[in-house]
Amino acid sequence: MSNKIEGPYNPKEIEEKIYKIWEDSGSFKPQGTNETYSIVIPPPNITGSLHMGHALNASVQDILIRKKRMEGRKTLWLPGTDHAGIATQNAVEKNLIKKEGKTRHDLGREKFVEKIWEWKEKYGNEILNQFKKLGCSCDWSRSRFTMDKEYQKWVQKAFLHYYKKGWIYQGEKTINWCPKCQTSLSDLELEYKEEKTKLWFIKYPISGNSKSKTLNSKQIQNSKFKIQNSDYIIVATTRPETMLGDTAVAVNPKDERYKKLIGKEVFLPIVNKKIPVIADRGVDSQFGTGAMKVTPAHDLHDFEIGEKHNLEKKQVIGPDGRMTKLAGKYAGMKIKEAREKIVEDMKKIGILEKIEPYKHNLSVCYRCGAATEPILSKQWFLKMKELAKKAAKAVKSGKVVFHPKKWEKNYLNWLKPEKDEPKDWCISRQLWWGHQLPIFYCDKKQKEFSISNFQFPNKSQIKNSKNKNDPENLEIRNSDLEIYVGDNPPENYIQVSDVLDTWFSSALWPFATMNEKDLKEFYPTNTLSTARDIINLWVARMVFSGLEFTGHEPFKDVIIHPTILTKEGKRMSKSLGTGIDPMKYVEQYGADATRFGLIWQIMGSQDIHWAEEHVIAGKKFCNKLWNIARFVLTQNENFQPIFPATRDLAQRDNFQSIFNDKISNEDEKILEQMKKLVQSTNQNIESFKFGQALRDLYEFIWHEFADKYIEYSKTKDDEETKRVLAYILTTCLKLLHPFMPHITEEIWSKLPMKDKKLLIVTKYPQD
RNA sequence: GCGCGUGUAACUCAGUGGUUAGAGUACUGUCUUCACAUGGCAGGAGCCGCUGGUUCGAAUCCAGCCACGCGCACCA
């Protein structure tokens, strides 16, 4: 290796070489016996390639890890990937359709899952390799995947634990259903899209009213029949087609207009059935007509009202997004089609009062963007009350701290256990890819048996296993059907086909990734850095999972990094074509320049309107640093920097004792500034102000050191000046290393010093 | 509807009571002098969203308004 610094700086040659040196040296592995410091990486989906948010987050974590490592802490940054249920299943199936023209159903579950595993082997680590190109100092030997065998055991253990507590139960509720992905979704997996639609006002004739006593279904069907004003109650709806599943009309008990109708019945037109008028405080008298049609099977709010009033749940829309048999003549139609037909029919009968334009938010699937459909479905739920309490307490008590603090509000706002929020978590998914629920059954009598009609027992009906080898698990043996819950089912038992929500397993990430020895050393972890959109989806669930299964909060500090938007302030997304691949910058300007550009833009909690010019600035800065180093080296043939603690530099007397008494005003000034920079850099990193720390370093190195001191040094030719030059350079390299690791390590390697360690493990300057 | 955030140079952003408001990028002029032209030096560029208030003094504090973004709720 040449010890000469030859310009200009060319990252391409250097970064890969340096990375290999680090890896070969074993520096990424935890070293020494000092206090530990650990971070688990938010595991990216195996579908993914790096996006700007990943690159930013990786840079943040690497800064922390590298600084702590240089401080001598026994440091672990644990990497890995997430199987990402829906996202991966969709990606692989899309690929399958494109390449082979087959859907997953053509292959069958087993073969399709095999395909996904092949995909995982092929692409699963691609994103981690991109982290390597950014210079991330993860301990790759500890890389984990959320479907590793050991991890799977944790998932089963967690499920069984909750089941035994009676917190996991099977229930039939109206849940969010994605007709495209063909699975249930939790409330957090919805996104909202504004939709311009209409509000249809429909007349429901009142039964028992003097004038409508004579009303019969034929009359209602008869388009010539005119209903008098007082003979009906008008409801407003955005979903006219769901009226087929109405089982009540609800009004607010305080609403004078409808008071006398409470308890009476109305005719449900088209269906020709009587349904009751009920009173419920959840009805907003201000909205529409103040009377609301109740469709428990197709609206989450209506479902709750239905439960309260014991209403029938009539499912008229199926999981395929088509009308069911119960929809009568509309059966088999798609929702939109049925809507048009029904509106047409209502017009004919004369029960459509009016149509108004209306704007509302449509809930869409966060993975495929299709409009979700609330449908009645048998799913598995996890009771949230106690867990939410725990998670809320962890933050309220200050054991888990968000940075910036404002995100705590977001977190607590979702949890609100005193308000019975969040609602119980729907943890089952009708997917093929993921952790299957560890529930097994055996049909003893070999009868025709439909699992979908079977209500699984809850904890009180199910007992600990009698099997002495397997006492942890649960089983039930006294019915025609034997049930087993656990991880070691008896032979010939069939496993429930549903899989767990991918977030159920990622909630265990901070500890399920560690073996017993590592758990003792590195858990709880210190810092978690992630994006704000998964605060509830992931962070909250990790907190209560950690508390539930280990008794500890899984981390202390949670950094919510800014979101990177396009220059126009739009969301970066692949589908919109607004995404930018950070690897492009790594290729073009180098990893250090890319990291510089990213970190430069983290100021406070402001979202970032991505500006490439800061990456260019990073590249220029690399070159500047490169040339500074060359200059200092040519001045110092015998490079013998001394390394005073900056503490000692606080005293003028000490400058002199360390740098000899020939020290000049310029020397003193730069040393003083250097001392302050060491302090502020430490403080800024410790308080997660990465952008500020980097800007200060840039400002000092370029405008104080290079522009002023180096220019001054050209007028001098004495040992003192050379030593100051050497001291400032080496200190800057150390301070800057966590931000721009490759170039600093490369320059460091060229300094002719004795007994030199790699910079990555050299002591970080401290005040 | 409730809440949060933002609005400063052409662009991306710092600055949160006190000289003449800063940086990076872009722009203009100039210099190849021996660390660096991915550079040096010099320079132009801003009713600090609008209106009002507090103050000796406001980009900064307060109120209202406008614009944009985000979260939650509603979404019958």
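Lettering of chains follows the sequences in order, A, B, ..., and the numbering in each one begins at 1. Computed over heavy atoms, backbone and side chain alike; hydrogens, waters and symmetry mates excluded. Bear in mind the structure is a predicted one, so any value in this text is a computation, not a measurement.
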Practice prompt. Tell me, please, whether A/F201 has A/K354 positioned over its six-membered ring: NZ or CZ under 6.0 Å from the ring centre and within 45 degrees of its axis?
Written response: yes
Discussion item. It should be established whether A/H609 places a side-chain nitrogen or oxygen under 4.0 Å from OP1 or OP2 of nucleotide B/C13.
Written reply: yes
Discussion item. Going by purine N1 to pyrimidine N3 plus the second Watson-Crick contact, or the G-U wobble pair, all under 3.5 Å, which nucleotide sits opposite B/G46?
Written reply: none
Worksheet item: Considering residues, nucleotides and ligands other than A/K198, do more than 12 of their heavy atoms fall under 6.0 Å from its NZ?
Response: no
Worksheet entry | RNA chain B-proximal residues of residues 685-700 of chain A, any heavy atom under 4.0 Å | A/R695, A/Y698
Worksheet item: If you look at every strand shown and take non-hydrogen atoms under 4.0 Å, does A/V283 touch a base, only sugar-phosphate, or nothing?
Response: base
Response to the item:
Any strand, both distances under 3.5 Å, Watson-Crick or G-U wobble: B/A26 pairs with none
Worksheet item: For B/C70, which nucleotide is its Watson-Crick or G-U wobble mate, given both distances must be under 3.5 Å?
Response: B/G3
Fill in: Rounded distance in Å between the C1' positions of B/U55 and B/A9
29 Å
Discussion item. Quick check on B/A35: is either OP1 or OP2 less than 4.0 Å from any side-chain nitrogen or oxygen of A/K714?
Written reply: yes
Worksheet item: Contact class for A/E612 vs. all strands (heavy atom < 4.0 Å): base, sugar-phosphate, or nothing?
Response: nothing
Practice prompt. Mind running ring-ring contact (aromatic ring centres under 6.0 Å, His included) on A/F402 and A/Y411 for me, showing each step along the way?
Written response: CA-CA 9 Å; A/F402 278 78; A/Y411 173 98; 5.2 Å; yes
Worksheet item: If only side-chain N and O atoms of A/W407 are considered, is one of them under 4.0 Å from the OP1 or OP2 phosphate oxygen of B/C70?
Response: no
Worksheet entry | For B/U20, the Watson-Crick or wobble counterpart (both distances under 3.5 Å) | none
Practice prompt. Have a look at A/D302 and say if it touches a base, only the backbone sugar-phosphate, or nothing, with a 4.0 Å heavy-atom cut-off.
Written response: nothing
Discussion item. Just N and O in the side chain of A/K624: are any of them under 4.0 Å from OP1 or OP2 of B/G40?
Written reply: yes
Worksheet entry | Parallel, tilted or perpendicular, as decided by the 30° and 60° cut-offs, for the rings of A/F596 and A/F621 | tilted
Fill in: Pi-cation contact, A/W407 with A/R532 (under 6.0 Å, within 45°)
no
Worksheet item: When we call it a touch if two heavy atoms are under 4.0 Å apart, what does A/I628 touch: a base, just sugar-phosphate, or nothing?
Response: base
Practice prompt. Count the heavy atoms of every other residue, nucleotide or ligand shown that sit under 6.0 Å from CZ of A/R281, and state whether that count exceeds 12.
Written response: no
Worksheet item: When all nucleic acid strands are considered with a 4.0 Å heavy-atom cut-off, which category describes A/L565: base, sugar-phosphate, or nothing?
Response: nothing
Worksheet item: Between A/Y366 and A/E189, does any side-chain donor sit less than 3.5 Å from a side-chain acceptor?
Response: yes
Worksheet item: Touch check for A/A706, heavy atoms < 4.0 angstrom, all strands: base, sugar-phosphate only, or nothing?
Response: base
Fill in: Touch class at under 4.0 angstrom, heavy-atom based, for A/Y358 against every strand present
sugar-phosphate
Item to complete: Determine whether the side chains of A/K293 and A/T242 contain a donor N or O and an acceptor N or O closer than 3.5 Å.
Response: yes
Worksheet item: Would you say the base of B/A23 and the side-chain of A/E613 have a donor-acceptor pair closer than 3.5 Å?
Response: no
Discussion item. Looking at A/K620 and B/A37, is any side-chain donor or acceptor paired with a base atom of the opposite kind under 3.5 Å?
Written reply: no
Discussion item. Mind checking if A/H298 touches a base, just sugar-phosphate, or nothing, with heavy atoms under 4.0 Å?
Written reply: nothing
Worksheet item: Quick one: is A/H703 getting a side-chain N or O under 4.0 Å of the B/G24 phosphate, OP1 or OP2?
Response: yes
